[in-house]
Amino acid sequence: MRLNQNTLLLGKKVVLVPYTSEHVPRYHEWMKSEELQRLTASEPLTLEQEYAMQRSWREDADKCNFIVLDAEKWLAQSGTSEESCMAGDVNLFLTDLGDPSLGEIEVMIAEPSCRGQGLGTEAVLMMMLYGVTRLGLTKFEAKIGQGNEPSIRMFRKLHFEQVAVSSVFQEVTLRLMMSELERQWLLEQTSHVQEKPYRDGASEPC
């Protein structure tokens, strides 16, 4: 999505930056993991296919994606490459043509050393904030593999409720309706988040 290609979101634990060609090699290495392929229902791609996918996602109007950086590493020293700070990604899919206010959200913390520290939770909250304030979304869905208990627990803590189970796809669908109360709660949870301009290839904290 071109809308977010010059947007950096700075939180306490994570920094969200647009997915650029700089990030592809590290992302490609992550996706060689059979565990991540299973959790994300993904097929392995060649490096060339991964670069083509990154270009496609940048152009697609119905996909909004950010790379999740470990904020502690990113802020630790100037000159740190973004690739060395990468923790995962967070995505919004606006694919329901009948309901443009609905976004399907997914998050992946691929770097093992970054798991279990709340990075995924903050990344989802920040992406929801972006969806509400910049994309006009009022509903979010998350489709998660039935065996991915940590992810299911995380979304439930973020007020998502289970609305469907697919035995065919072995996945659970959770939904959050952004009532005025939920919107205020989201704004409170993300009051620290700063939006800054991002320049492709930027490697230093703004």
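If you take CD on Glu171 and CD on Gln146, they are separated by 8.5 Å, rounding to the nearest 0.5 Å. To the nearest 0.5 angstrom, Ser101 atom OG is 7.5 Å from Met177 atom CE. A distance of 8.0 Å separates CE of Met31 from CG of Asp89, quoted to the nearest 0.5 Å. Summarising the geometry, atom SG belonging to Cys85 is positioned 10.5 Å from atom CD belonging to Glu72; distances are rounded to the nearest 0.5 Å.
Under a 3.5 Å cut-off, the side chain of Arg2 and the backbone N or O of Glu59 do not form any donor-acceptor pair. Panel note: side chain Gln49, backbone Thr46; a donor-acceptor pair is recorded below 3.5 Å. Judged purely by atom type and a 3.5 angstrom limit, Asn65 has no side-chain atom pairing as donor or acceptor with the backbone of Pro18. The main-chain N or O of Leu186 is found under 3.5 Å from a side-chain atom of Thr190 such that the two form a donor-acceptor pair. At distances below 3.5 Å, not a single donor-acceptor pair connects side-chain atoms of Arg58 with backbone N or O atoms of Thr20.
Looking at residues two or more places apart in sequence or on another chain, you find a salt bridge (Lys or Arg N to Asp or Glu O under 4.0 Å) between Asp60 and Lys63.
Side chains of His192 and Glu122: a donor-acceptor N/O pair is present below 3.5 angstrom, by distance only. Looking at Glu180 and Gln184, their side chains do bring a donor and an acceptor atom within 3.5 Å of each other.
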For residues 150-159, which side-chain donor-acceptor pairs fall under 3.5 Å, sequence neighbours excluded?
unit_1	atom_1	unit_2	atom_2	d
Arg156	NH2	Gln162	OE1	2.8
His159	ND1	Glu182	OE1	2.8
His159	ND1	Glu182	OE2	3.3

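Taking a cutoff of 4.0 Å between a charged side-chain nitrogen and a carboxylate oxygen, Lys32 and Glu29 qualify as a salt bridge.
Using a 4.5 Å cut-off between side-chain heavy atoms of Ile, Leu, Val, Met, Phe, Trp and Tyr, Leu45 falls into a hydrophobic cluster with Met53, Trp57, Phe93.
Note on ring orientation: taking the six-membered ring where Trp is involved, the planes of Tyr130 and Phe66 are perpendicular (angle over 60°, cut-offs 30° and 60°).
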